[in-house]
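Whatever order the structure lists them in is the order used to number ligands and atoms, beginning at 1.
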Amino acid sequence: MFSHETYFQRRRSLAGVMQTGLILLPGNDETPMNYAGNPYHFRQDSSFLYYIGHDVPGLAAVIDADSGEAFLFGDNFDVDDIIWMGPQETMAEKAEKSGLTGARPMSELAEVIDKAKSAGRQIHYLTQSRDSNKLKIQRLLGIPADDVNSKVSVKLVRNVVEQRNIKTAEEVQEIEKALDISYDVYKLAMRMARPGMIEQEVYGAVEGHILGRGSYVSFPVIFSVHGETLHNHKHANMMKDGDILVLDSGAESPCYYASDITRTFPVNGKFSSEQRDIYQIVLKAQEETIAMYKPGLFNRDIHLHAAKVIASGLKDLGFMKGNVDDAVAAGAHALFFPHGLGHMMGIDVHDMEDLGENYVGYDENVKRSEQFGLAYLRFARELKTGHVFTVEPGCYFIPELMDMWKAENKHTDFINYDKVFTYRNFGGVRIEDDLLVTEDGYRVLGKPIAKTVEEVETWCQA
Ligand code: GLY
Ligand code: MN
Ligand code: MN
């Protein structure tokens, strides 16, 4: 946890902008894998972590925006629990660690909410991604669980997003702690992968390394010779001589901030000339766009620059044709680069996606495009100092998409299908780093992880 002052100040700022009403923050509970005593790995709700910090199940918090008081609700463990779970912090100790006004038993939460409702006070709550928390809100506020997310306090969502969007120095330090683990993961994976191995051997070593550092994955590890499947969670392929691998993975810091890194590397330690050509295009797109980051620019424009670099590189190789600006405006590059350039990162790897992507990455000035490809850009709006993003361009040869576009004669002015089909089994390339927008530009976070062709080959052959 951070110091109690951090949580106190975060709640004070939030109460200040909300001005009035109660802010209800349900924490997460254990989720049974098959029965209650055998749960999945516990992950606390991210907004609860941000304002309260405690990463144990069975808690809720209420911030009174009028008085500034904030209480933690939950129950002390009795000796029966302690026999199974070991010594536990008391609720009073938890309240103190988080700089809260005090702690109260969970049974009093309903009374506090009822009293506020009877007095005509507003109860603000955020979008809930867990059904168990929707049910809690149903019980406390009488809103049917299925309607909970359509009745959120938009004012609270917007204020939380604006606050969590800007990362402080101690938050950036956390992200860099997670990146420190990622650095070692990439060293390990590049060194370990060899022709004849099954993907899951490396996948297991990656997760094992993260767990061995006292961390947990910030999202399920993507590791495959089929990098053209963007979020490939199957790991049963044999890695063959001549294949390239995409490893997209992240860890969590002690305060649960994420890292999110992707590297593409050759199974046999040496890129083929075809692989190198595509890799260099993606690398150019990543390096040029990283260099653009500064406050005041719009992330959508940076994304479109990446699209142009990729389209231009593919035109040089004969996969695309025609005017590059027109091709990108028409969305033809999305055959190869069908996702957004990146996303905001923080306590969530896609930060605050649970609160609503459009609240995080779009606003009244920037509306989401409906064009295939650009529509997947998670953050389009103006950059501010303190934003943390991933920058992750990619180039993929997705057989199903190629077949579909060809059958529809889509963008035939810009795509040379005959050439594209010769790369049907190529796979994909993605390169991803995490950066902080600073007052005068940007800082790529973490220690540099091998990225040029030469660096990657060196790490693979180490
Ligand atoms: N978590 C996958 C990605 O956004 O890079
Ligand atoms: Mn990633
Ligand atoms: Mn990412």
Practice item. Quick one: look up the protein heavy atom nearest atom 3 (C) of ligand 1 and list residue, atom name and how far away it is. Key: Asp260 OD2, 3.5 Å
Check your understanding: Hey, which N, O or S atom on Glu392 ends up closest to the Mn ion (ligand 3)?
Key -> OE2
Check your understanding: Judged by non-hydrogen atoms, does His231 sit under 4.0 Å from ligand 1?
Key -> yes
**Study point:** Distance-only donor-acceptor check, side chains Thr262 and Asp248, under 3.5 Å
**Key:** yes
Exercise for review: Please could you name the atoms of ligand 1 that Glu392 approaches to less than 4.0 Å, counting only its heavy atoms?
Suggested key: 3 (C), 4 (O), 5 (O)
Exercise for review: Please work out the angle at the Mn ion (ligand 2) defined by atom OE1 of Glu432 on one side and atom OD2 of Asp248 on the other, rounded to 10°.
Suggested key: 100°
Review point. Mind checking whether Phe389 and Tyr293 have parallel, tilted or perpendicular rings, split at 30° and 60°?
Key: tilted
Check your understanding: When you look for heavy atoms under 4.0 Å from ligand 1, do you find them on the side chain of Thr390, its backbone, both, or neither?
Key -> neither
Check your understanding: Charged N to carboxylate O below 4.0 Å: is that the case for Lys177 and Glu174?
Key -> yes
Exercise for review: Could you check whether the rings of Phe414 and His411 sit parallel, tilted or perpendicular, using 30° and 60° as the cut-offs?
Suggested key: tilted
Check your understanding: Which of the atoms of ligand 1 are close to Phe219, meaning less than 4.0 Å from one of its heavy atoms?
Key -> 1 (N), 2 (C)
Review point. Which atoms from ligand 1 have a heavy atom of Glu432 less than 4.0 Å away?
Key: 5 (O)
Point to revise | is_close_aromatic(His231, Phe219), centroid dist under 6.0 Å | key: no
Review point. If we only count N/O pairs under 3.5 Å, is Arg430 in contact with ligand 1?
Key: no
Review point. In a check of salt bridge (charged side-chain N to carboxylate O under 4.0 Å, His left out) between Asp433 and each of Lys447, Lys451, Arg443, which one passes?
Key: Lys451
Review point. Closer than 2.8 Å to the Mn ion (ligand 3), do we get an N, O or S atom from His343, backbone or side chain?
Key: yes
Point to revise | Parallel, tilted or perpendicular, as decided by the 30° and 60° cut-offs, for the rings of Tyr423 and Phe426 | key: parallel
Review point. Should you measure from each heavy atom of Asp248, which atoms of ligand 1 turn up under 4.0 Å away?
Key: 2 (C), 3 (C), 5 (O)
Practice item. Kindly say whether the aromatic ring centers of Phe337 and Tyr396 come within a distance under 6.0 Å. Key: no
Study note, to complete from the structure: Checking distances from the Mn ion (ligand 2), one finds that the N, O or S atom of Asp260 closest to it is OD1
Practice item. Mark up the atoms of ligand 1 that fall under 4.0 Å of a heavy atom belonging to His350, in ascending order. Key: 1 (N), 3 (C), 4 (O)
Practice item. Decide if the gap between the ring center of Tyr50 and the ring center of Phe2 is smaller than 6.0 angstrom. Key: no
